[in-house]
Amino acid sequence: MLKSHSCGELNKEHLGQTVALAGWVDRRRDHGGLIFIDLRDREGIVQVAFNPEVSKSCHRVANRLRSEYVVRVKGEVVKRPSGTENPRLPTGEVEVTAHEVEILNPSRTPPFYINEEIEVEENLRLRYRYLDLRRAGMRENIMLRHRVVKFIRDFLDAEGFIEIETPILIKSTPEGARDYLVPSRVQPGKFYALPQSPQQLKQLLMVAGMEKYYQIARCFRDEDTRADRQPEFTQLDLEMSFVEDEDILKLMERLFTALVTTIKPDAKIATPFPRFSYDDVMNRFGSDKPDLRFGLEIKDLSDIAAQSAFDIFTAAIAEEGKVKGVLVPGCASYSRKQLDDLNQLARSHGAGGLITIALGGAESGSLEKLTADMVHSVAAKFLTLEQVKAMAERLEASLGDLLLIIAGTARTVNEALGALRQEVGQRLKLADPNTLAFAYVKNFPLLRKNEETGRWEPEHHPFTRPWDEDEPLLEKTPEKMRGKHYDMVCNGFEIGGGSLRIHTAKLQRRVFRLLGYTDPQIDDRFGHMLEAFEYGAPPHGGIALGIDRLVMLLAGRETIREVIAFPKNQSAVDLTFNAPASVTEEQLAELHILLREEE
RNA sequence: GGCCCCGUGGUGUAGCGGUCUAACAUGCCACCCUGUCACGGUGGAGAUCGCGGGUUCAAAUCCCGCCGGGGUCGCCA
């Protein structure tokens with residue numbers, strides 16, 4: 001090794017020792033006579049002093065040092081002269097007096113700051129990701145990710161799980177997301193698909209008798225990106241035999257509680273994780289992945305609205321819809337523009353419009369002081385003061401608050417108000433950034449009707465086991481079937497989902513038939529699963545957790561790109577490598593591929 | 001594909017019809033400086049204001065189109 005110690009580990013205990021260090025020049029301070037550099041490596045920073053009275057040649061070399069030069073220094077760890085200690089550096093009580101120095105490699109001036117946490121345009125960071133990763137924030141994120149994954153592996157190992165790798169080149173299936181395809185050279189005209197998740201493979205491992213499997217698995221989905229989604233991502237994929245759903249939920253709860261208390265001891269985390277039904281979260285939070293760090297629950301105002309003379313309300317109720325609302329505390333004096341923004345958000349989530357009711361202006365106080373001329377709303381003249389007060393009371397509002405009300409079908413109203421609730425929570429900074437509010441959402445419907453195609457589609461995936469008592473409904477009223485499916489949510493993100501699985505060929509075939517497949521199609525696409533289920537498949541279930549999202553939350557970041565070493569951008573391009581890229585005609589020919597002309 | 005936001009020296013920002021021959025900070029280069037640590041000081045180089053078109057006597061600034069980036073809806077079993 002070119003180094004005997006890490007820069008960041010030196011302290012008083014090393015006083016008097018001669019050490020060899022190697023790292024990058026974080027900063028240089030040239031006093032003419034005396035030169036200091038902050039030498040940085042993965043573990044931290046230590047000050048190196050170049051004194052011409054100690055070594056003239058070292059001092060001459062130090063004159064040439066610039067940011068990001070790679071250097072090796074040999075010298076003595078000495079106590080800093082009293083009064084010159086730097087309490088902001090962990091190594092700040094000591095410094096290294098250079099006796100020998102060697103420039104291992106110079107560096108061009110970097111295109112952005114390595115030594116400061118100033119925000120830089122993301123595409124520039126991604127183009128020079130290897131420099132971006134040198135920055136303290138990114139280095140901490142990547143190291144945090146390592147600790148998280150290591151903790152998970154150790155924990156599951158102790159729980160009797162075995163890690164098994166599954167193929168990356170598998171088979172395209174018709175369900176789910178768009179597949180990434182890989183052409184076969186050996187089998188002309190045929191394609192592998194990259195796994196969207198190892199779902200079927202892990203179920204086959206259960207049939208194989210592995211009983212407790214997990215994998216830190218890379219998954220691929222060719223869909224549009226988001227802040228929390230990119231084409232390839234990492235899941236903790238896990239499956240167990242002979243379990244009930246609570247066995248899995250409790251295991252995950254223990255894992256996450258231990259993980260957070262070990263790796264992020266300052267974070268607040270509530271246990272046991274609350275369990276909500278799907279209907280419950282949709283009605284109360286308007287989302288199947290609610291942020292539970294703040295209240296502002298959605299309330300049903302239909303009974304009050306039905307009494308009003310407001311057409312928009314009464315018409316919605318007449319059509320078996322709902323009128324519901326959400327509170328915006330202290331925002332009665334919102335401007336026209338601010339209200340328009342909220343209206344637009346509601347419309348973008350399918351609402352016909354948004355009714356706002358401002359209770360007074362900047363003043364605050366109890367509702368009792370509310371008078372008719374203090375109510376500001378397009379609906380004001382259609383509502384009695386009593387009706388406004390009744391709605392305000394239900395939403396637990398006081399003077400100076402703003403009410404957001406939407407009328408329409410139950411689903412649209414919930415989803416639009418859910419989006420507004422999330423937006424308001426963010427604007428008013430209601431969510432404590434130091435809290436991790438985990439929860440489970442259960443009792444999802446098994447199926448959902450695709451309004452465009454008229455076909456039944458799985459809410460989760462076609463292997464989810466229905467509730468036993470709902471099985472007879474399969475061919476009669478599929479919409480009423482509930483699935484043994486559960487999601488894990490945290491702070492407004494879905495960080496995982498799983499289910500108990502169907503383990504008999506008979507039931508599995510019935511589900512596929514309901515999804516619109518003919519028997520020959522089922523045998524062609526899923527025959528391997530059905531056949532496996534006929535050879536003693538144990539009851540089993542599992543879960544998959546998004547590692548990127550989890551680490552993002554633990555790191556307090558806004559996008560998963562901040563916790564992925566080499567992520568893709570919104571256009572699914574890797575800017576470090578410029579992938580995807582064209583290939584040669586020879587490569588295409590070998591793969592039996594002819595590119596289409598497109599206009 | 002729709003909607004919203006952004007694009008000004010290397011980096012981060014300001015400027016939002018004329019005083020812009022584009023400002024500030026930092027970085028970079030040169031010189032000075034022996035206890036600094038975001039060292040300090042003096043001087044210097046560095047930008048056809050993303051691209052194209054239009055409006056105007058006059059455009060970084062207003063309008064249109066395109067490109068690039070981000071967020072989001074659709075999509076994501």
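So that the names make sense, note that chain A is the first sequence line, chain B the second, and so on, each numbered from 1. Heavy atoms only: backbone and side chains are in, while hydrogens, waters and symmetry mates are out.
- A 3.5 Å limit on both hydrogen-bonding distances identifies B/U13 as the Watson-Crick or G-U partner of B/A23.
- Summarising the geometry, the separation between CG on A/Leu65 and P on B/C28 is reported as 13 Å, rounded to the nearest angstrom.
- Counting distance only, with no hydrogens placed and no angle test, the side-chain atoms of A/Arg226 and the base atoms of B/G74 include a donor-acceptor pair under 3.5 Å.
- With ring centers used as reference points, A/Phe50 lies 6.0 Å or more from A/Phe36.
- The P atoms of B/G2 and B/C64 are separated by 16 Å, rounded to the nearest whole Å.
- For A/Arg108 and B/C29, the CZ to P distance is 14 Å, given to the nearest whole Å.
- Out of B/C75, B/U34, B/G70, the shortest distance to the side chain of A/Leu34 is found at B/U34.
- Distance check on atom P: B/C20 versus B/C31 gives 34 Å, rounded to whole Å.
- Within the nucleic acid shown, A/Gln199 comes within 4.0 Å of at least one base atom, counting heavy atoms only.
- Distances from the side chain of A/Ile118 to the nucleotides B/C76, B/G12, B/G71 place B/G12 closest.
- Regarding A/Glu558, its CD atom lies at a distance of 15 Å from the C1' atom of B/C5, rounded to whole Å.
- Distance A/Arg229 CZ to B/G71 C1': 13 Å, rounded to the nearest Å.
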Query raised in the report: Taking protein heavy atoms under 4.0 Å as touching, what does nucleotides 37-44 of chain B look like 5' to 3' if B marks base contact, S marks sugar-phosphate-only contact and - marks none?
Result: BSB-----
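- Applying the 3.5 Å distance criterion, the base of B/G68 shares no donor-acceptor pair with the side chain of A/Asn123.
- The CD1-P distance, from A/Ile560 to B/G71, rounds to 10 Å in whole Å.
- Side-chain contact, A/Asn86 with A/Gln47: no donor N or O sits under 3.5 Å from an acceptor N or O.
- For the pair A/Glu223 CD and B/U72 C1', the interatomic distance rounds to 16 Å; values are reported in whole Å.
- Nucleotides B/U11 and B/C67 place their C1' atoms 23 Å apart, quoted to the nearest Å.
- Ring planes of A/Phe444 and A/Tyr278: tilted class, angle from 30 to 60°.
- If you take CD1 of A/Ile114 and P of B/U26, they are 19 Å apart, rounded to a whole angstrom.
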For residues 572-579 of chain A, tabulate all N or O donor-acceptor pairs below 3.5 Å that involve a side-chain atom, not counting sequence neighbours.
{"residue": "A/Asp574", "atom": "OD1", "partner": "A/Thr576", "partner atom": "N", "Å": "2.8"}
{"residue": "A/Asp574", "atom": "OD1", "partner": "A/Phe577", "partner atom": "N", "Å": "3.0"}
{"residue": "A/Thr576", "atom": "OG1", "partner": "A/Leu126", "partner atom": "O", "Å": "2.7"}

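- Counting non-hydrogen atoms of neighbouring residues, nucleotides and ligands closer than 6.0 angstrom, the CZ atom of A/Arg127 reaches no more than 12 such neighbours.
- Residue contacts for A/Pro81: at a heavy-atom cut-off of 4.0 Å it reaches a base atom on one of the strands shown.
- For NZ of A/Lys480, the number of neighbouring non-hydrogen atoms (other residues, nucleotides, ligands) closer than 6.0 Å is 12 at most.
- A/Asn569 comes within 4.0 angstrom of the backbone, heavy atoms only, and of no base.
- B/A14 and B/U8 are spaced 11 Å apart, taking the P atom of each and rounding to whole Å.
- Under the stacking definition used here (centres under 5.5 Å, planes under 30°), the residue A/Phe112 fails to qualify as stacked on the base of B/U11.
- A/Arg347 contributes no side-chain N or O that forms a donor-acceptor pair with the base of B/C73 under 3.5 Å.
- If you take atom C1' in B/C6 and the same atom in B/G18, they sit 27 Å apart, rounded to whole Å.
- Taking only side-chain nitrogens and oxygens, A/Gln570 comes nearer than 4.0 Å to OP1 or OP2 of B/G71.
- Counting heavy-atom neighbours within 6.0 Å of A/Arg42 CZ, excluding the residue itself, gives a total of 12 or less.
- You'll find that the side chain of A/Ser571 is closest to B/G69, out of B/G12, B/G69, B/U26.
- At a cut-off of 3.5 angstrom, counting only N and O atoms as typed in the model, there is no donor on one side facing an acceptor on the other between the side-chain of A/Arg221 and the base of B/C76.
- Of the P atoms belonging to B/C3 and B/U48, the separation is 32 Å, rounded to the nearest Å.
- When both distances must be under 3.5 Å, the Watson-Crick or G-U wobble mate of B/C3 is B/G71.
- Mapping A/Gln344 and A/Leu124 onto RNA chain B by nearest heavy atom places A/Gln344 closer to the 5' end of the strand.
- Place A/Leu575 and A/Ser348 on RNA chain B by their nearest nucleotides, and A/Leu575 ends up nearer the 5' end.
- Under 3.5 Å, the side chains of A/Tyr517 and A/Glu175 contain a donor-acceptor pair of N or O atoms.
- If you measure from atom CZ of A/Arg411 to atom C1' of B/C73, you get 14 Å, rounded to the nearest angstrom.
- At a threshold of 4.0 angstrom between heavy atoms, the contacts of A/Leu345 with the nucleic acid are absent.
- Taking atom P on both B/G41 and B/G50, the two are 33 Å apart, rounded to the nearest angstrom.
- For B/G7, its base never sits under 3.5 Å from the side chain of A/Glu121 at any donor and acceptor pair.
- At most 12 non-hydrogen atoms from other residues, nucleotides or ligands lie less than 6.0 angstrom from CD of A/Glu119.
- When the C1' atom is compared between B/G40 and B/A59, the two are found 42 Å apart, to the nearest whole Å.
- Ring pair A/Tyr486/A/Tyr440: centre-to-centre distance not below 6.0 Å.
- Below the 3.5 angstrom threshold, one finds a donor paired with an acceptor across the side chain of A/Glu95 and the base of B/G35.
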